Amino acid sequence: GVTDNLASLNACVGSIGTADACLEFKAGLSYRFTAAVTASLAANQDLVLVGHATVLDWPASHGLTLTYASGLTGYASPTVDIGGFIFTTGGAGLYDAVTIDGKSAALNFIGRQTSLHNNTFMGDDGGTTHYWRRTRSLTDLSNVNMFGNTVYGHTGDVTAGVGIWITGSAEAATPSAFNIAQENVWYSLRGVELSGYWQGLNVTQSNFTAVTEGVRCAATIQEYQCSVTNSQFSVGKHAIVANNILNLIATGNSYAGGY
């Protein structure tokens with residue numbers, strides 16, 4: 001975890017070009033990066049990143065940033081699968097761990113799948129001082145599945161940090177279909193936050209502990225479906241916040257604290 005691996009990984013990603021690729025990282029090792037790792041993905045490109053409790057550490061920058069080719073719709077979008085990593089930061093709410101810009105050009109209900117699963121997000125000191133600003137920052141991206149992820153924020157602090165942040169930038173390109181399951185969020189301002197233009201959030205079998213708000217579903221215009229089921233909330237203020245949402249479903253949840 002001492003050697004800077006930025007040049008090596010950027011060279012590897014750059015060599016892929018527009019080809020499909022699977023990059024596997026060794027089990028239990030720690031890789032350090034002095035700047036964000038960035039990649040631009042082409043139409044129909046598949047990228048799989050496989051870790052085995054592998055630490056990816058960014059002491060002073062954003063983490064992994066993926067940008068999809070502009071103007072893609074439906075099955076032309078890339079497929080991304082990232083799982084099995086421990087993303088750590090040396091910043092105090094300054095950086096985002098995984099950022100994906102889908103750059104949808106039109107309503108993209110059948111975008112190819114993006115999967116983020118079985119990852120842990122935390123400070124490199126265990127959360128004593130360091131924590132991610134947002135562990136997953138998703139813009140204009142449809143058909144996203146996230147499951148089995150854990151977020152450790154700033155220990156004892158419920159005023160900063162967001163687990164999952166999702167937004168759509170324009171009504172004409174409203175992103176849709178976000179499925180979140182088995183999410184565990186500790187010590188954060190919010191577990192899940194949506195804003196702008198979007199449709200179709202499903203949160204289930206998840207735990208939000210020591211957060212100010214569990215799930216915030218806010219939209220610029222009236223949007224369809226925010227479903228939060230079979231989850232547990234221990235919150236300082238609100239478990240579920242909904243604004244401009246049609247078809248709100250909240251069943252089978254347990255609540256402690258203010259809600």
Side-chain angles (χ1 to χ4, degrees), residues 1-19 21-26 29-42 45-51 53-70 72 77-104 114-127 129-141 144 146 149-154 160-167 169 175 188 193:
V2 177
T3 302
D4 181 16
N5 293 274
L6 180 65
S8 297
L9 185 54
N10 275 340
C12 180
V13 172
S15 69
I16 294 169
T18 60
C22 176
L23 306 182
E24 186 169 5
F25 294 74
K26 290 186 177 180
L29 295 185
S30 179
Y31 298 84
R32 184 174 183 265
F33 305 96
T34 55
V37 175
T38 63
S40 297
L41 301 182
Q45 187 172 11
D46 300 332
L47 178 64
V48 180
L49 304 181
V50 180
T54 306
V55 177
L56 304 181
D57 179 49
W58 284 271
S61 73
H62 294 298
L64 178 64
T65 299
L66 303 177
T67 303
Y68 293 2
S70 298
L72 303 180
S77 62
T79 298
V80 168
D81 188 296
I82 301 172
F85 295 99
I86 302 169
F87 290 84
T88 61
T89 178
L94 299 175
Y95 309 114
D96 299 343
V98 177
T99 300
I100 303 178
D101 187 347
K103 290 190 177 297
S104 297
T114 297
S115 295
L116 308 172
H117 57 92
N118 303 110
N119 300 296
T120 298
F121 303 89
M122 61 191 299
D124 58 11
D125 60 355
T129 302
H130 300 155
Y131 59 96
W132 292 105
R133 181 182 69 157
R134 300 167 179 161
T135 69
R136 284 142 291 174
S137 180
L138 312 177
T139 300
D140 294 335
L141 182 68
V144 182
M146 292 177 274
N149 297 296
T150 296
V151 176
Y152 293 104
H154 186 199
V162 174
I164 301 170
W165 185 81
I166 297 169
T167 191
S169 60
S188 299
E193 180 177 358

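Predicted, not measured: the structure shown is a model, and the values here were computed from it.
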I want to check something: taking the side chain as every heavy atom from C-beta on, are Val50 and Cys22 in contact at a cut-off of under 4.5 Å? yes

Checking the side chain of Gln45 only, and the main-chain atoms of Ala21 only, is there a donor and an acceptor separated by less than 3.5 Å? no

At their closest point, which heavy atom of Gly153 faces which heavy atom of Ser188, and how far apart are they? CA-OG, 4.3 Å

Taken in chain and number order and not counting sequence neighbours, the residues that satisfy side chain to side chain donor-acceptor pair (under 3.5 Å) with Arg136 are Glu183

Interatomic distance, Ile82 atom CD1 to Ile100 atom CD1 [nearest 0.5 angstrom]: 5.0 Å

Ser61: which residues meet the side chain to side chain contact (heavy atoms under 4.5 Å, CB included) condition with it, sequence neighbours left out? Trp58

For Asp46, enumerate each residue passing the salt bridge (charged side-chain N to carboxylate O under 4.0 Å, His left out) test, keeping only those at least two apart in sequence or located in another chain. Arg112

So do the side chains of Leu141 and Pro175 get within less than 4.5 Å of each other, counting heavy atoms only? no

Closest non-hydrogen atom pair, Lys26 against Tyr31: N-OH, 3.6 Å

Looking at OG1 of Thr67 and CG of Asp101, how far apart are the two atoms once the value is rounded to the nearest 0.5 Å? 5.5 Å

Who are the side chain to side chain donor-acceptor pair (under 3.5 Å) partners of Thr18, not counting sequence neighbours? none

Could you pull out all residues at least two apart from Thr120 that satisfy side chain to side chain contact (heavy atoms under 4.5 Å, CB included)? Ile86, Met122, Thr150, Tyr152

Using only atom types and a distance under 3.5 Å, with no angle test, would you say the side chain of Asn119 pairs donor to acceptor with the backbone of Gly84? yes

Check whether any side-chain heavy atom of Leu64 sits under 4.5 Å from a side-chain heavy atom of Phe33, and report yes or no. no

Would you say the side chain of Phe87 lies within less than 4.5 Å of the side chain of Thr135, judging by non-hydrogen atoms? no

Could you work out, with side chain to side chain donor-acceptor pair (under 3.5 Å) as the rule, every residue matching Asp4, not counting sequence neighbours? Thr34

Taking salt bridge (charged side-chain N to carboxylate O under 4.0 Å, His left out) as the cut-off, I'd like each qualifying pair that reaches into residues 82-99, sequence neighbours left out, listed once. Asp96-Arg133

Please tabulate, for side-chain N and O atoms in residues 5-15, each donor-acceptor pair with protein atoms closer than 3.5 Å (sequence neighbours left out).
| unit_1 | atom_1 | unit_2 | atom_2 | d |
| --- | --- | --- | --- | --- |
| Asn5 | ND2 | Thr3 | O | 3.0 |
| Asn5 | ND2 | Arg32 | O | 3.4 |
| Ser15 | OG | Cys12 | O | 2.6 |

Determine yes or no for a side-chain-to-main-chain donor-acceptor pair under 3.5 angstrom, with Asp124 supplying the side chain and His130 the backbone. no

Pairs satisfying salt bridge (charged side-chain N to carboxylate O under 4.0 Å, His left out), at least one member in residues 84-93, at least two apart: none

Ile166 CD1 to Leu138 CG distance, which is reported to the nearest 0.5 Å: 5.5 Å

State, to 0.1 Å, how close Asp81 and His117 come at their nearest heavy-atom pair, and which atoms those are. OD1-NE2, 2.7 Å

For the residue pair Arg134 and Thr99, establish whether any side-chain heavy-atom pair is separated by less than 4.5 Å. no

Counting C-beta onward and ignoring hydrogens, is there a side-chain heavy-atom pair between Thr114 and Tyr68 closer than 4.5 Å? yes

Could you work out, with side chain to side chain donor-acceptor pair (under 3.5 Å) as the rule, every residue matching Ser169, not counting sequence neighbours? Asp140

Work out which heavy atom in Phe85 is nearest to a heavy atom in Gly51; give both atom names and the distance. CZ-N, 3.3 Å

Could you work out, with side chain to side chain contact (heavy atoms under 4.5 Å, CB included) as the rule, every residue matching Thr89, not counting sequence neighbours? Tyr95, Trp132

Nearest heavy-atom neighbours spanning Ala42 and Ala69: CA-CB, 4.3 Å

Are any of the side-chain heavy atoms of Ile16 and Leu23 separated by less than 4.5 Å? yes

Distance, nearest 0.5 Å, that separates CZ of Phe121 from CG of Leu56: 10.0 Å

Mind checking side chain to side chain contact (heavy atoms under 4.5 Å, CB included) for Ala53 and listing every partner two or more places apart, or none if nothing turns up? none

